[in-house]
Amino acid sequence: MSRVVQALRSLGHGWGRRAAWPILIVFVLLQVAAGSIFAAPRLALFDLYQRTMPRLRDSDPVKIVAIDNASLAAIGQWPWPRQIDAQLIHKILDQHPAALGIDLLWSEPDRQSPEQWLKQANDLPQTAADALRQLPSHDSLLRDALSAGPVVIGLGTLDQGPNTGGPLPPIREIGGAAESWSVLPDFAGAIRSIPELDRAAPGHGLLAVAPDVDGVYRRLPMVSVVAGHLVPSFSLETLRLAAQSPMIDLYLKDRAIQGVAIGELKLPTQEDGSIWVNFSPRDDRRFVSAVDVLNGKVAADTFDQRVVLIGVTGLGQGSDMRMTPLGFMHGTEIHAQLLENIIAGQLAQRPNWTHVAEPALTLVLGLILIVLLPLVRQRWQTLLVLSSVALCAVLGFELWHLKLMLVDVATPIIGQGFVVAAFIGGSFAEADRQRRRLRRELEDRKLAAAKTEGELEAGRRIQMGILPVADTVTHDQRFDLAAVLVPARQIGGDLYDFFKIDPDHLYLAVGDVSGKGVPAALFMAQGKSLCKSAALRGDIDIGDIIIRANEEISRDNSEMLFITMFAGILNVVTGELHFCNAGHDAPILLRAGEPPQSVDGIGGPPLCIIDDFPYMTEMRQLQPDDVLCITTDGITEAMNGAGALMGRDRTEAALAAMPADASAQAITDRLQAAVAEFVAGADPSDDLTILTVRWIGPTRPTLQ
């Protein structure tokens with residue numbers, strides 16, 4: 001017993017295993033309880049099965065009579081007069097097909113029928129009118145054709161509206177109750193052909209086919225619910241007439257569909273009553289042109305004892321083209337593919353046991369990786385992982401090749417990826433633990449000492465007290481300036497500064513210290529002071545100022561913090577802005593009549609990253625009334641409750657909405673309000689700093 005306990009304990013030894021265990025457990029639980037989140041890789045894998053090993057047609061049990069471009073060119077535009085439709089149907093039925101499925105709807109009377117001509121042409125000579133009255137209506141000719149053999153006509157669907165009523169094939173429910181209908185596609189009503197034609201056809205099937213979530217057609221529903229009635233699919237009803245069966249059996253169990261049956265032929269389905277189509281590549285031998293049928297140019301046994309479908313393929317609009325795993329196909333061809341599957345006994349399957357087997361495969365392979373990865377060297381770890389992935393791939397493709405089973409091995413492979421990533425991450429964390437332990441303990445002591453409310457409040461007052469106020473420079477009416485700093489906590493690591501270096505040069509700076517809390521606040525105060533000291537030495541080259549500040553700040557940086565900073569010197573006479581960007585977000589320039597612009601430049605790394613980095617001075621010429629808005633990433637990275645970020649685009653949009661004559665204070669307040677509206681009360685994720693300056697021009701504006 002002690003050895004078993006010891007072995008179990010060893011499975012949790014090491015940070016790699018400790019990180020991999022919860023990842024594996026959560027992943028398997030998600031796979032069981034929320035498998036739909038893995039639908040995209042699963043469906044992509046199933047498509048790969050079919051593209052790699054498509055079905056090969058070794059027989060020709062289904063023919064499609066295509067109303068193609070050649071037929072339209074020879075006979076005329078669609079829809080044709082219905083006596084031509086009737087001729088086409090008679091020509092096909094004369095060859096004794098097993099069943100004829102017509103993928104068409106005739107929901108209105110034929111406007112080209114003789115009686116319709118009489119209604120529209122009031123000034124016909126009496127002789128011509130009498131002659132037209134002697135002619136049979138086109139709808140009656142089509143009615144006679146539809147009733148002349150095993151013909152199925154299609155039904156359309158309505159998402160809302162009444163059911164038009166009409167005959168439906170009999171469906172017998174076995175082993176379940178009406179609650180099982182909830183898994184079936186449900187429609188408010190059906191679009192049917194006109195009653196004269198609808199009643200004449202022996203069979204009626206639903207044409208509705210819904211794609212998967214990615215818009216690809218892979219399955220066909222066998223039965224749907226229309227206005228509270230069970231209705232078979234177009235394919236299933238065509239098969240019923242071919243088998244000369246009086247009804248369709250629907251097998252139900254535990255609020256799920258088990259399958260459908262036509263006589264002795266039983267077809268297993270998915271729980272929602274659908275069947276996966278085992279596609280073959282497009283084959284022109286499957287198609288026969290309608291004009292060739294009408295002109296008697298097809299062999300006498302072309303349709304003999306075959307299932308025949310009629311569909312429109314030549315309208316040139318692509319309206320009935322559907323994306324399948326093997327490319328675009330007409331809707332009629334998808335029905336034909338399923339009928340071929342059933343007749344040839346080559347149905348694709350996704351058995352119910354896969355819902356248990358796939359998570360079990362993920363769990364077993366994950367356990368193997370967790371147990372063995374720490375026991376082998378790094379080069380063998382790679383081989384172990386690749387072998388596990390290869391095993392999944394071989395298993396999935398062989399089951400498809402041998403049994404036509406759609407087994408999802410993509411999700412277990414993804415699960416293994418997460419386990420390996422967690423193991424590697426945990427191992428790196430464990431290796432890094434010793435190096436960071438002393439620093440973390442020191443930081444924890446500092447944070448613990450600073451958590452009392454009084455100390456934090458005192459620190460906040462001191463921090464805010466060292467920031468300049470706009471009143472110190474606003475007596476100069478050549479520019480307008482406003483600034484605000486809102487710490488994420490009581491104290492923060494953002495900074496801003498401005499002051500006159502001399503009567504004509506205004507120093508501006510906005511910075512962001514890495515980290516938050518007391519260390520960041522102290523480093524912010526130190527950085528601000530050293531930058532100001534460097535700027536007040538009489539030099540107005542901002543690049544040299546930042547170089548000196550970087551040297552001074554880096555000298556006493558035991559915590560290895562860094563500062564991103566945008567600093568500039570504005571010549572309030574000429575509007576020249578000389579600036580240096582040390583890894584900071586680019587300011588936004590607002591100019592009347594133009595969209596917001598980023599003040600981009602070459603820049604350099606944040607301060608304290610490289611001690612002797614040669615920061616360069618860059619220049620941007622401002623025009624009178626240009627506004628420069630400098631912010632920290634607390635603006636763009638402000639996060640709402642849903643985890644979305646404010647972002648650069650929303651920031652620029654908020655600034656672009658400001659009036660052209662808005663003051664610096666108004667712009668600052670509006671941007672701060674825009675951030676507050678976006679986060680909508682969520683806890684602040686970072687300090688927020690805005691410094692806005694408008695260069696009015698070299699002369700004092702006239703007072704009104």
Could you check whether atom [atom1] of [X] has more than 12 heavy atoms from other residues, nucleotides or ligands sitting under 6.0 Å from it?
X	atom1	answer
His96	NE2	no
Leu56	CG	no
Gln305	CD	yes
His90	NE2	yes

Inspect the contact between [Y] and [X] and indicate whether a charged nitrogen and a carboxylate oxygen are less than 4.0 angstrom apart.
X	Y	answer
Glu398	Lys403	no
Arg282	Asp284	yes
Glu271	Arg350	no

Nearest heavy atoms of [X] and [Y], plus distance in Å:
X	Y	result
Leu361	Pro412	CD2-CG, 4.0 Å
Ala208	Thr157	CB-CG2, 3.5 Å
Pro246	Pro170	O-CG, 3.0 Å

For the pair Phe27 and Phe418, name the ring-plane relationship: parallel under 30°, tilted 30 to 60°, perpendicular over 60°.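 Judged by the thresholds at 30° and 60°, the geometry between Phe27 and Phe418 is tilted.
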| query | So how far is it from Ile64 CD1 to Asp103 CG, rounded to the nearest 0.5 Å? | reply |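 If we round to the nearest 0.5 Å, Ile64:CD1 and Asp103:CG are 9.5 Å apart.
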Is the closest side-chain heavy-atom distance between [X] and [Y] below 4.5 Å?
X	Y	result
Leu93	Phe303	no
Arg240	Pro169	yes
Trp400	Leu406	yes
Asp186	Leu184	no

### Message
For His330 and Thr313, which I'm curious about, is there any donor-acceptor pair between the side chains at under 3.5 Å?
### Response
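Not at all, the side chains of His330 and Thr313 share no donor-acceptor pair under 3.5 Å.
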> Would you say the side chains of Thr238 and Ser235 form a donor-acceptor pair under 3.5 Å?
Replying inline: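 No, Ser235 and Thr238 have no side-chain donor paired with an acceptor closer than 3.5 Å.
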### Task
Might you work through the side-chain contact (heavy atoms from CB on, under 4.5 Å) test for Leu105 and Ile153, ending with a clear yes or no?
CA-CA 7 Å; Leu105 282 169; Ile153 61 174; over 6 Å; no
>> If we check side chain to side chain donor-acceptor pair (under 3.5 Å) with His138, which of these qualifies: Arg143, Arg82, Gln83?
In response: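 Exactly one option meets the side chain to side chain donor-acceptor pair (under 3.5 Å) with His138, and it is Gln83.
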_Determine whether a donor-acceptor pair (N or O, by modelled atom type, separation under 3.5 Å) exists between the side chain of Arg42 and the backbone of Gly35._
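Yes, because the side chain of Arg42 sits within donor-acceptor range (under 3.5 Å) of the backbone of Gly35.
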Problem - Ring centres under 6.0 angstrom apart (Trp276, Phe46) - result: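 Aromatic pair counts; centres sit under 6.0 Å.
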